[in-house]
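This report concerns only the one structure given below.
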Protein chains: 2
Amino acid sequence: MADPLSRVFSALADPTRRDIVARLAVADATVNELAAPYDVTVQAVSKHLKVLEDAGLVSRSREAQRRPVHLEAEVFDLMTKWIERYRRQAEERYRRLDDVLRAMPDDPPPLEGKPS
Amino acid sequence: MADPLSRVFSALADPTRRDIVARLAVADATVNELAAPYDVTVQAVSKHLKVLEDAGLVSRSREAQRRPVHLEAEVFDLMTKWIERYRRQAEERYRRLDDVLRAMPDDPPPLEGKPS
DNA sequence: ATCGTTGTCAACCGTTCGGTTGCGGAAGAA
DNA sequence: TTCTTCCGCAACCGAACGGTTGACAACGAT
C-alpha cells in the first residue's frame, strides 16, 4: 500500500488512532502519556504511532529519553482536497439533473432509436 | 468495526474503491461497467461495492436485472467535519504558540517549581 | 422452455492488521 | 557503575481483508 492517500485514510480508519490524533491536536505528548487511557500495552500504542507516522500525520522528535509526539496537520489537506473534488462533482451532477428535469415536461426527448 | 467514521475511512483506504467513487461521481453505473477497467473478477468488485454500501457511500437500486450503483455524497460530510475540527484545533495551537513566542523575550516565565 | 446476461452468496487461500510477550538499547538518577 | 525509566524491535497469534472459483437466483430474449 504505497500511495499516501491510502495510508492516511487507513491510518484514520482506527478509532484508537483517531483518538490519539484528537488528543495530539490539544497538545504534544509522550508515548506513555498517550497509552495511559487505553487498556492496551504501550507497545501496541507505539505501533499505532508508527502507522500515523508512516502516514505523515505525526512526527516523533528526540528529547532526552522521551520521544514527544507531534501532530502534523498539513496532511489533512490531502484528504480534504480529494473529498471536496468528488463531493463537488456529485453536487454538480445534481444541479444538471435538476435542469434536465425542469426542461423535460416542455421538451420530451426521443428515447434513442430511429424516429418513425 | 461498528462506528460509521471507521467504516467510511476504511472504505476509502483502498485505491480501487476510491477510483470507483471517482467514477460514480461522474455518472451512475452497473457492476459490470464498474468492473471493466480493473483486472479483477466481477465478484471482487461486487465485494468492494458492498464495503462502500455498508459505509453509506453508495446505494444500489433495482432496475430489471441491472443494479445501477449510485454515489451518496452526503457521507463525505462526516469525514470533513471530523477533519476540520482537529485541523482547526491544531492551527489554534500554532496561533497561541506564536503568541507565547512573541511574549517570551519580554517576559521569561518561571519553569514551574516554587518561586524563590 | 431454454438460453444468455447480470449479479450475489459461500467457501477457500494468502496477506495484512491489531494485539500480545519478550528482549534490548539509550539516557537520566543513585 | 549500576539501576530504572522510556521506548522500539522481533516473533508470534487470531481475526479481518482482498482476491479467487463455483454455484445459483433473477430476469430478458429466443
Side-chain angles (χ1 to χ4, degrees), chain A residues 1-21 23-24 27-55 57-71 111-113, chain B residues 1-21 23-24 27-55 57-71 111-113:
Chain A
M1 205 218 321
D3 69 293
L5 212 38
S6 293
R7 276 199 290 261
V8 179
F9 277 121
S10 182
L12 294 180
D14 183 280
T16 302
R17 285 195 292 260
R18 279 200 309 278
D19 193 59
I20 289 177
V21 167
R23 292 167 58 204
L24 287 176
D28 293 0
T30 68
V31 178
N32 272 303
E33 289 168 358
L34 288 173
Y38 316 122
D39 58 348
V40 297
T41 60
V42 182
Q43 288 93 324
V45 174
S46 188
K47 272 195 185 181
H48 281 309
L49 288 173
K50 178 150 181 46
V51 173
L52 290 170
E53 191 176 22
D54 290 347
L57 279 162
V58 137
S59 67
R60 289 185 267 189
S61 54
R62 179 121 240 165
E63 171 184 303
Q65 73 275 48
R66 310 297 177 85
R67 304 293 308 278
V69 182
H70 177 73
L71 181 65
L111 219 16
E112 76 196 62
Chain B
M1 204 219 318
D3 70 293
L5 212 38
S6 294
R7 276 199 290 261
V8 179
F9 277 121
S10 182
L12 294 181
D14 184 281
T16 302
R17 284 194 293 258
R18 279 200 308 278
D19 193 59
I20 289 177
V21 167
R23 291 167 57 205
L24 286 176
D28 293 1
T30 68
V31 177
N32 271 302
E33 288 167 0
L34 288 172
Y38 317 122
D39 58 349
V40 298
T41 59
V42 182
Q43 288 94 324
V45 174
S46 188
K47 273 195 184 181
H48 280 309
L49 289 172
K50 178 150 183 43
V51 173
L52 290 170
E53 190 176 24
D54 289 347
L57 279 162
V58 136
S59 67
R60 290 185 267 188
S61 55
R62 181 120 239 165
E63 172 184 302
Q65 74 275 47
R66 310 295 177 84
R67 304 292 309 278
V69 181
H70 179 72
L71 181 65
L111 218 18
E112 76 195 66

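A, B, ... follow the sequence lines: proteins, then strands. Residue 1 opens every chain.
- In this structure A:A55 satisfies the side-chain contact (heavy atoms from CB on, under 4.5 Å) test together with A:R7, A:V8, A:A11, A:L57, sequence neighbours excluded.
- We find the CD-CG distance between A:E63 and A:D28 to be 9.5 Å, quoted to the nearest 0.5 Å.
- If you measure from atom CG of A:L34 to atom C1' of D:dG8, you get 15 Å, rounded to the nearest angstrom.
- Here A:S59 contributes atom OG and A:L52 contributes atom CG; the two are 11.0 Å apart, rounded to the nearest 0.5 Å.
- OP1 or OP2 of D:dG8 has at least one side-chain nitrogen or oxygen of A:S46 nearer than 4.0 Å.
- Using a 4.0 Å heavy-atom distance criterion, B:T16 is classed as making no nucleic acid contact.
- Regarding contacts with the backbone of D:dG8, a side-chain N or O of A:R60 is found under 4.0 angstrom from either OP1 or OP2.
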I'd like a list of close polar pairs between nucleotides 16-18 of chain D and the protein, N/O only, cut-off under 3.5 Å.
{"from": "D:dG18", "atom 1": "OP1", "to": "B:R17", "atom 2": "NH1", "distance (Å)": "3.4"}
{"from": "D:dG18", "atom 1": "OP1", "to": "B:R17", "atom 2": "NH2", "distance (Å)": "2.9"}
{"from": "D:dG18", "atom 1": "OP2", "to": "B:R17", "atom 2": "NH1", "distance (Å)": "3.4"}

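- A 4.5 Å side-chain heavy-atom check between B:R67 and B:R62 finds at least one atom pair inside the cut-off.
- Summarising the geometry, atom CZ belonging to A:R60 is positioned 7.0 Å from atom NZ belonging to A:K50; distances are rounded to the nearest 0.5 Å.
- In this structure, NZ of B:K50 is placed 16 Å from P of D:dG19, rounded to the nearest angstrom.
- Every residue two or more places apart in sequence or in another chain that forms a side-chain contact (heavy atoms from CB on, under 4.5 Å) with A:E33 is listed here: A:A29, A:T30.
- In this structure, A:T41 and B:R67 both approach DNA chain C, and ranking their closest nucleotides by distance from the 5' end singles out B:R67.
- Residues A:V58 and A:L49 come closest through the heavy atom pair CG1-O, 4.4 Å.
- Of all heavy-atom pairs between A:Y38 and A:V45, the closest is CD1-CG2, 4.2 Å.
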Letter per nucleotide, 5' to 3', of nucleotides 23-30 of chain D [B base touched, S only sugar-phosphate touched, - untouched; heavy atoms, 4.0 Å]: B----S--
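- The list of salt bridge (Lys or Arg N to Asp or Glu O under 4.0 Å) pairs with a residue in residues 8-19 of chain B, not counting sequence neighbours, reads A:D3-B:R18.
- A:S6 OG to B:L12 CG: the interatomic distance, rounded to the nearest 0.5 Å, is 9.5 Å.
- For DNA chain C, the outermost nucleotides in 5' to 3' order that have an atom under 4.0 Å from a heavy atom of chain B are C:dT6 to C:dA11.
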